[in-house]
Amino acid sequence: MALKIVKGSIDRMFDKNLQDLVRGIRNHKEDEAKYISTCIDEIKQELKQDNIAVKANAVCKLTYLQMLGYDVSWAAFNIVEVMSSSKFTYKRIGYLAASQCFHESTDVIMLTTNQIRKDLSSPNQYDTGVALTGLSCFVTPDLARDLANDIMTLMSHTKPYIRKKAVLIMYKVFLKYPESLRPAFPRLKEKLEDPDPGVQSAAVNVICELARRNPKNYLSLAPLFFKLMTSSTNNWVLIKIIKLFGALTPLEPRLGKKLIEPLTNLIHSTSAMSLLYECVNTVIAVLISLSSGMPNHSASIQLCVQKLRILIEDSDQNLKYLGLLAMSKILKTHPKSVQSHKDLILQCLDDKDESIRLRALDLLYGMVSKKNLMEIVKKLMLHVDKAEGTTYRDELLTKIIDICSQSNYQYITNFEWYISILVELTRLEGTRHGHLIASQMLDVAIRVKAIRIFAVAQMATLLDNAHLLTGNMQRNGICEVLYAAAWICGEFSEHLENPMQTLEAMLRPKVATLPGHIQAVYVQNAAKLFSTVLKSQEGSTEGTAAQETSQLMIDRLPLFVQSANLEVQERASCILQLVKYIQKLQQKEVEVAEEVSALFAGELNPVAPKAQKKVPVPEGLDLDAWINEPPSESESEDEQPKAIFAKEEPKHSRSRHTEVDEKELARRREARKQEQANNPFYIKASPSSQKVYQESPGVEHIPVVQIDLTVPLKVPGLPMSDQYLKLEEERRQKERADKKKKEKKKRKEKRSGRGRRHDSGPESEEDITPAHMVDIVTEEMPENALPSDDDDKDPNDPHKALDIDLDNLVESAGRRPLADSEKLPVRSHRAAKVAKSPVEDGDAENTPPSQEPKKKSSKEKREKKKDKDRDRKKSKEEKKKKKHKHEEKEEDLLGGEADEPVVQSEDTTEVVALPTSTNAEVSDLDFWLSNAPVPSNTQEAATVAATAEADSVPEATSGTAPDSDHDEPKNSELEETKSSKHKKKKQKKEKEEKEKKKKKKHHHHHRHHSDGGADESVQNGTVEDEEPLPPMSNYCLLAENSYIKMMMEDADEVCDIQGNLQDGSQVVVSVIFENKCDSLLKSMEFNVLDSLNSKLQRPEGSGPHDGFTVPFQLPPGVSNEARLVFTVQSIVMPQKMKGTLTFIVKNEDSSIHEKLDFKLHFTCTSYLITTPCYSDAFAKLLESGDLKCSSVRLEEVNMPFHHLLARICFHHHFSVVERIDSCASMYSRSIQGHHVCLLVKTSGQTVSIDAKCDEPTLLGNVLDEIKQTFSQC
Amino acid sequence: MIRAILIFNNHGKPRLSKFYEHYTEDTEQQIIRETFHLVSKRDENVCNFLEGGMLIGGSDYKLIYRHYATLYFVFCVDSSESELGILDLIQVFVETLDKCFENVCELDLIFHVDKVHNILAEMVMGGMVLETNMNEIIMQVDAQNKMEKSETFIFQSTRQDR
């Protein structure tokens, strides 16, 4: 063995390594291919050896050869071998080779799954890193499915190096295996707030990529990104986020309004051009999404345009280019602001840089008007003549056509001019856009009736001079215009001056060299012309001329009958036979012209391209319904076809009217076949009819002369478009003069009149009258066509599969928790619970409580509106508060002194407060956004937003209790006129609010000058103390020891009110685990002793005593939240459950098993859900009489009444129904549907609470708990 | 997303090609050739963006390139990438190469294309930008090279590379 190794290494000494290979190739410049083929042979030898070093060296060389274009897929298996080497050096070589040449159809890829999995879990971070890098290049759907779970685990790896790679590769995994998106998304979202900036940036990157394709699913992340945007200093991240916002704003105009301010600030402050540019871009996107007209927006546009002008004027060509690019985006919505920079843009047209010229061209598109169209196009035509490169010239051509044809030829005043421009464009050599010109010609000729005479004349000239166009035809796309010319001349042949000449032109032998589809049109339209000619000839002279025409047709058509193109052949044969028949009739001196022209009678109307799709399905027609009974599945497949045939054959195979003939024919055919088979002289399958026709006289001897013209000649007789320009100028001048005269007259007449018209200064758009009265026929659409724009989505887009609703998932308590089928596949021998987040345990059929009575009187509605308004206001405050908190944190970070863990422990309130708000992020988004005023006239939008808000009232009250609730009662006092409400509210703001505002300002200020962090934050602390209500938290300490601290939110319930009670209602408990020591905590298992009444929902397949594995590890100082679902039978009594948390404390050298006991306390309060109730519904409830009554009295309560209410709302999940002075009614509802009503009265320090509930035990317990809450303070 | 990263010299010889989408070897060569033709005929003082490489992508894609001495560095990216950002990234890439090879020149890239790949892998992964901080990139590359060295070879080539 040892000998073998030594031998192997001695062999290696003589092997070429990569450098030798490269050097060798460089030394064999003359016979490179030969040299490389010998090298490949050597490599093949090397790959056969056992020594992995030799193999790796060979694979390394192959990677190089692959770059030179050699196929190395034959070595795929060897690459896998090298990949699986235990040495990092070789492994890296293997993975590099794999990433360069593996792809989805490489079959050895399936052998790599286990190797990659091994590498992913390797203790060496670089093994993992190399595997991730490689995998990112060749991941297949199978690999993605099999490894998704492993990669997901890596997203929480301790090393940021691995985390960022794992996060990034998830995007590739999602693309290949879309099912993984939902389960992985919560963790991905978590990574947006990773302490490591690299990981954060990777997460932003991935989400931006995802959101770019399906932005609407990521709208709910907007607040989070907003926060990142205002806090991040990494330009890369900022650019990504700002780009993302650009994609989101079209979906949510309110978001745009929010963005404008911070973006403008960035524009003013940043020195990075890249960031500035992206900001401008996004501001533009925002402005596009907003309805214009608001004054402050025009300022933003001005700012953007100004900044862009600076970019365009910059000497750096890159900035110039980008400036133009962004300018074209503004142009779409705010053409006026761009038009003022026309000079600059025309100047760019002369730039030496082609990219810049192209961009400038784009801009021109939006700058034309009736007034300047001809002038601009003239300029462009000059450029066309000058242009050297075909790409740029083609681009010019398409732009000219785009500019002229935009919005239904809106800017064209003279179509004769346009047709001549098109004809001039046909002189372009080697353009690829012949079909574009052709379709324009057709479109104009069909839709502008007045222009047909002119167009036909022009097209006839074109046809006459066809040889000029088809000079070197095969490479030349321009002959496409002949298609249009032929069709126009044929269809509108009645306008032709000399149809005979055109007919001859169309039947020239040279036509046969044109592409098939053009010949086909020639043939068909020759027939149309023929009918026109016949008509005129029969009318005037005696029959000979007409007969000559027929003879011409009969002479020329056989040329087309031989065409290799099927369609040409078919049409030609058809028409030839027809003409022959006509000739026969003519010889008998029968008048045929009338009948022939009947063949082509009637007008062809333009039909919109998508018309067919938009034909609405008639009522009562269900396209998905079976026409016949669907075949029953029990029937075996063999029987089916038989049955079908037996039934249908007689009906299908014959059409009724030809029944006899068909039979007869079939018989004859059979007989003939028999005869042919028996005839030895019969030649079967001869080279078809073509030969026969070739022998026909008069075709072959016609010489075909190829005229090869390399220099484009001027087509004689074509009017130059410039003449039109001149004419137009003159015409306009004349018109202007006329008008002036008229006006003068008028003025003379009306000198004393008051209706003084505006001065006839520079002519305005409306003053320019079209030269011809044109009637532009619009394209036909089916009646009641449905307008829809979804026609052009690529069904093959891989991102379509990623269009997955993620909102409900993230919030865990939402409507669509992960179903079992959505779990990521895990290897069977690994316990399935590892991947399980508590989310997955969530109940499947939870629906948000619907509480509103269905019918409401108008009065009630008004009430509701008020309520909504109140909510909106609440949300504002919540937002403010949140923002304030964020800023606080941000400052800590900016201060920079404190290291991460400390910051987190300082900010426990922050950490604790957040989960409550994530509870319903969708509605949260509305709260977040509703800061900007919702336009009151768009009622629909308002109601949508309002319903969303109504849903989220519970969160509002629990999350924002401190300031929102004490504000609320006051609002109810002044709910009189809607219009003045806002103002009044503002006036009535309390001092503390003002203070807050001040503080906010102060923060704002601070953000801009983030210099002196330390004392300022101290100051903040003192300000906080002055606030009347300390922040309330529903989280209470569950248990704590030197290692870990558990905080429990006393219960955050979700339930299904309509669901049957046997299923039990579920309570979700959020537990925050916080690592207090300096070592990693892992393998946490959370277990409780189930009682008869309450049970912990465990992952499927685990026994009743198994614990719940906490799906994360805790690095030092980090806290994380887990959600546990409990099933509760009876909710009338409070519950206590004992539990244990076991975990492993991992130090660098040792690991200790630890455990922590705790008691879970479910109060009755925790079974209540905040449910809003309207006063009349409340009254009805009280009147109904099936509620039991109870009351309680609280003594010595030293707090303002609104604080008291806020407390009840917050801690006991009630909502205020109505409040009058010192008396308030409150309502809540249990998860099993019990109504709980309170009437709270206060006098002095005594508070009395009268309560009603349909479950007396529950009521008693709730009241006890309320009493306890107030006895504590 | 970045769809491809190409490095070739003034004569169109490929020095590194990294495609983040699968193409056959022939198509790859064709793309390199086409890209070279597009890029090489441009003057020094024109903008560094090019639209419409026919073979790669389509209208959503742009070629963003920089020209250093004898080498062209070309990135083919879609519209989700910031144009100026990518230009900066190319700069970072070249500076990193310069640090790793100590005054990088075309020969370094010719003989050590594998090393260039390894450096690139620390910057861009699967078409997405992984890291833009040069120090971080160099740190990771050095750590891996150190590891490679520590894996003792029985036999090590002593020949000079150049």
Side-chain angles (χ1 to χ4, degrees), chain A residues 5 9-10 12-13 17-19 22-23 53 60 63-64 66-71 87-89 92-93 96 100 103-104 124 126 129 132-133 136-137 161 164-165 168-169 171-172 198 202 205-206 208-209 212 235-236 239 243 273-274 277-278 317-318 320-322 352-356 358 391, chain B residues 1 14-20 22-26 28-29 32 42-43 45-52 79-85 87-89 110-114 117-118 121-122 125-133 136 140 143-144 147-149 151 153-155 157 159-162:
Chain A
I5 291 172
S9 38
I10 289 172
R12 253 209 90 197
M13 189 159 56
N17 63 13
L18 174 62
Q19 282 75 38
V22 175
R23 199 172 292 122
C60 186
T63 313
Y64 181 77
Q66 196 271 341
M67 181 181 78
L68 297 185
Y70 291 86
D71 176 25
K87 279 210 172 116
F88 172 72
T89 318
R92 183 156 74 163
I93 291 171
L96 174 62
Q100 291 293 84
H103 51 93
E104 270 187 30
N124 182 342
Y126 292 114
L132 284 173
T133 307
S136 72
C137 291
Y161 178 74
K164 74 181 174 192
K165 286 197 169 192
L168 216 49
I169 203 180
Y171 178 64
K172 293 278 177 167
N205 213 334
V206 170
C208 288
E209 279 298 332
R212 200 164 73 92
N235 279 354
W236 264 97
I239 287 174
K243 267 185 169 279
M273 274 300 181
S274 46
Y277 172 67
E278 294 306 338
Q317 297 280 322
N318 290 332
K320 188 175 274 203
Y321 171 86
L322 292 176
K352 58 189 178 307
D353 188 346
E354 188 180 298
S355 309
I356 286 176
L358 288 176
T391 26
Chain B
M1 289 279 281
R15 294 304 175 212
L16 174 127
S17 67
K18 181 86 206 169
F19 291 88
Y20 294 103
H22 175 67
Y23 297 99
T24 63
E25 274 77 13
D26 289 343
E28 285 185 7
Q29 292 304 308
I32 295 173
R42 291 174 66 83
D43 292 335
N45 49 2
V46 298
C47 75
N48 299 55
F49 315 119
L50 256 176
E51 279 159 89
S79 60
S80 74
E81 301 293 342
S82 144
E83 291 87 349
L84 295 171
L87 277 180
D88 287 348
L89 186 71
I110 294 173
F111 287 107
H112 301 283
V113 66
D114 50 339
H117 268 297
N118 294 336
E122 294 303 322
M125 190 177 126
M128 286 190 286
V129 179
L130 178 70
E131 184 60 68
T132 52
N133 181 347
E136 173 75 16
Q140 301 298 350
Q144 291 178 57
M147 228 176 88
E148 198 175 290
K149 271 185 194 143
E151 289 178 346
F153 286 78
I154 299 169
F155 180 85
S157 166
R159 287 173 293 184
Q160 283 300 307
D161 287 343
R162 278 189 214 165

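The analysis underlying the following values was restricted to heavy atoms, covering all of them including side chains, and did not include hydrogens, waters or symmetry mates. Convention: sequence-line order gives letters A, B, ...; per-chain numbering from 1.
Top candidate by heavy-atom pairs under 4.5 Å with chain A, chosen from B:Met1, B:Glu131, B:Glu83, is B:Met1. Heavy-atom pairs under 4.5 Å with chain B were tallied for A:Leu358, A:Asn235, A:Val22, A:Ile93; the largest tally goes to A:Val22. With chain A as partner, the option from B:Thr24, B:Val113, B:Asn45 having the largest number of non-hydrogen pairs under 4.5 angstrom is B:Asn45. In terms of non-hydrogen atom pairs under 4.5 Å with chain B, the most contact-rich of A:Leu18, A:Leu322, A:Thr63 is A:Leu322. Most heavy-atom pairs under 4.5 Å with chain B: of the set A:Leu132, A:Ile356, A:Asn205, this distinction falls to A:Asn205. Contact tally against chain A (heavy-atom pairs below 4.5 Å) for B:Asp26, B:Asn133, B:Ile32, B:Asn48: the top residue is B:Asn48.
When heavy atoms are compared at a cutoff of 4.5 Å, A:Tyr277 approaches chain B solely by way of its side chain, counted from C-beta outward. With a threshold of 4.5 angstrom between heavy atoms, B:Glu136 approaches chain A through side-chain atoms but not through N, CA, C or O. If you measure heavy-atom distances from A:Asn124 to chain B, the contacts under 4.5 Å come from the side chain alone. Heavy-atom distances place both the backbone and the side chain of A:Lys164 under 4.5 Å from chain B. In this structure, chain A has a heavy atom under 4.5 Å from the side chain of B:Glu122, while its backbone stays farther away. For A:Ile239, the part lying under 4.5 angstrom from a heavy atom of chain B is the side chain only. For chain B, the nearby parts of A:Leu68 are the backbone and the side chain; heavy atoms of each come within less than 4.5 Å. Using a 4.5 Å cut-off between heavy atoms, A:Thr133 touches chain B through backbone and side chain atoms alike. The part of A:Tyr161 that comes within reach of chain B is its side chain, from C-beta onward, which places non-hydrogen atoms under 4.5 angstrom from that chain.
The nearest pair of heavy atoms linking A:Glu209 to B:Ser80 is OE2-OG, 2.7 Å. Shown here for B:Gly126 and A:Lys172, the closest heavy-atom pair between the two residues is O-CE, 2.8 Å. Residue B:Ser79 comes nearest to A:Arg212 through the heavy atom pair OG-NH1, 3.1 Å, listed as atom of the first residue, atom of the second, then distance.
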Starting from the C-alpha separation in whole Å, work towards a yes-or-no answer on side chain to side chain contact (heavy atoms under 4.5 Å, CB included) for B:Arg42 and A:Asp353.
CA-CA 8 Å; B:Arg42 291 174 66 83; A:Asp353 188 346; 3.2 Å; yes
Please step through side chain to side chain contact (heavy atoms under 4.5 Å, CB included) for the pair B:Tyr23 and A:His103, ending with a clear verdict.
CA-CA 9 Å; B:Tyr23 297 99; A:His103 51 93; over 6 Å; no
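In this structure, the side chain of A:Lys320 does not engage the main chain of B:Val46 through any donor-acceptor pair within 3.5 Å. At distances below 3.5 Å, not a single donor-acceptor pair connects side-chain atoms of B:Glu148 with backbone N or O atoms of A:Thr89. A distance-only check finds a donor-acceptor pair linking the side chain of B:Gln29 to the backbone of A:Met67 [under 3.5 Å]. Panel note: side chain A:Gln66, backbone B:Glu25; no donor-acceptor pair is recorded below 3.5 Å. For A:Ser274 (side chain) and B:Leu84 (main-chain N/O), no donor-acceptor pair under 3.5 Å exists by modelled atom type.
Distance check: B:Met125 CE to A:Leu168 CG gives 5.5 Å after rounding to the nearest 0.5 Å. In this structure, CH2 on A:Trp236 lies 7.5 Å from CG on B:Asp88, to the nearest 0.5 angstrom. Atom CD of B:Glu28 and atom CG of A:Asp71 lie 10.5 Å apart (nearest 0.5 Å). Atom NZ of residue A:Lys352 and atom CG of residue B:Asp43 lie 7.5 Å apart, to the nearest 0.5 angstrom.
Two residues are said to be in side-chain contact when any heavy atoms from C-beta on lie closer than 4.5 Å; B:Lys18 and A:Cys137 meet this criterion. Using a 4.5 Å cut-off on side-chain heavy atoms (C-beta onward), B:Met147 and A:Lys87 make no contact. In this structure, A:Gln317 and B:Phe49 have side chains that are not in contact, with every pair of non-hydrogen atoms separated by 4.5 Å or more. Between A:Glu104 and B:His22 the shortest side-chain heavy-atom distance does not fall below 4.5 Å.
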